[in-house]
Novice: 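My questions all concern the structure below.
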Amino acid sequence: MTAALDHETIIISVHWHVTCSAYMVLFGSLDELIMSSSCTSKTNDYYYQMRQKNNEAARNSRFKKKVAEIEISVQKRKLEVTYVQLKKEIKRIQIVKAS
């Protein structure tokens with residue numbers, strides 16, 4: 001679990017650096033950047049918004065996959081029943097034809 005936290009910390013750190021660098025390009029001085037504590041909170045907010053969106057998208061994807069699996073299972077069962085009925089019908093026709 002420590003490795004995951006380290007990896008997550010690195011991602012946040014890199015994202016913070018990129019965001020703050022963009023802030024410096026837009027607004028100029030490093031002093032303004034240091035004075036603005038909102039840069040870090042905005043970065044964290046952005047990161048957690050993205051995580052929330054990704055979690056929701058993953059949840060929706062898993063749900064859609066499960067629905068598709070259920071639909072395929074139902075269709076398979078219907079086809080199996082039809083197959084058995086057709087086999088019986090073929091057997092019946094062969095018996096009638098042989099008589």
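None of the values given here were measured: they were computed from a predicted structure.
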Novice: When you look at Glu80 and Val84, which way does the side chain to side chain contact (heavy atoms under 4.5 Å, CB included) test go after all the steps?
Specialist: CA-CA 6 Å; Glu80 287 172 344; Val84 169; 5.7 Å; no

Novice: So, taking the atom named CZ in Arg77 and the one named OG1 in Thr82, what distance separates them when rounded to the nearest 0.5 Å?
Specialist: 10.0 Å

Novice: Can Glu56 and Arg59 be counted as an ion pair, charged N to O under 4.0 angstrom?
Specialist: no

Novice: Roughly how far, to the nearest 0.5 Å, is CE of Met50 from OH of Tyr47?
Specialist: 11.5 Å

Novice: Are there more than 12 heavy atoms of other residues, nucleotides or ligands under 6.0 Å from atom CD of Gln52?
Specialist: no

Novice: Any non-hydrogen side-chain atom of Gln75 less than 4.5 Å from a side-chain atom of Leu79?
Specialist: yes

Novice: Give every donor-acceptor pair under 3.5 Å between a side-chain atom in residues 90-99 and any protein atom, sequence neighbours left out.
Specialist:
residue : atom : partner : partner atom : Å
Arg92   : NH2  : Glu89   : OE2          : 2.7
Ser99   : OG   : Ile95   : O            : 2.8

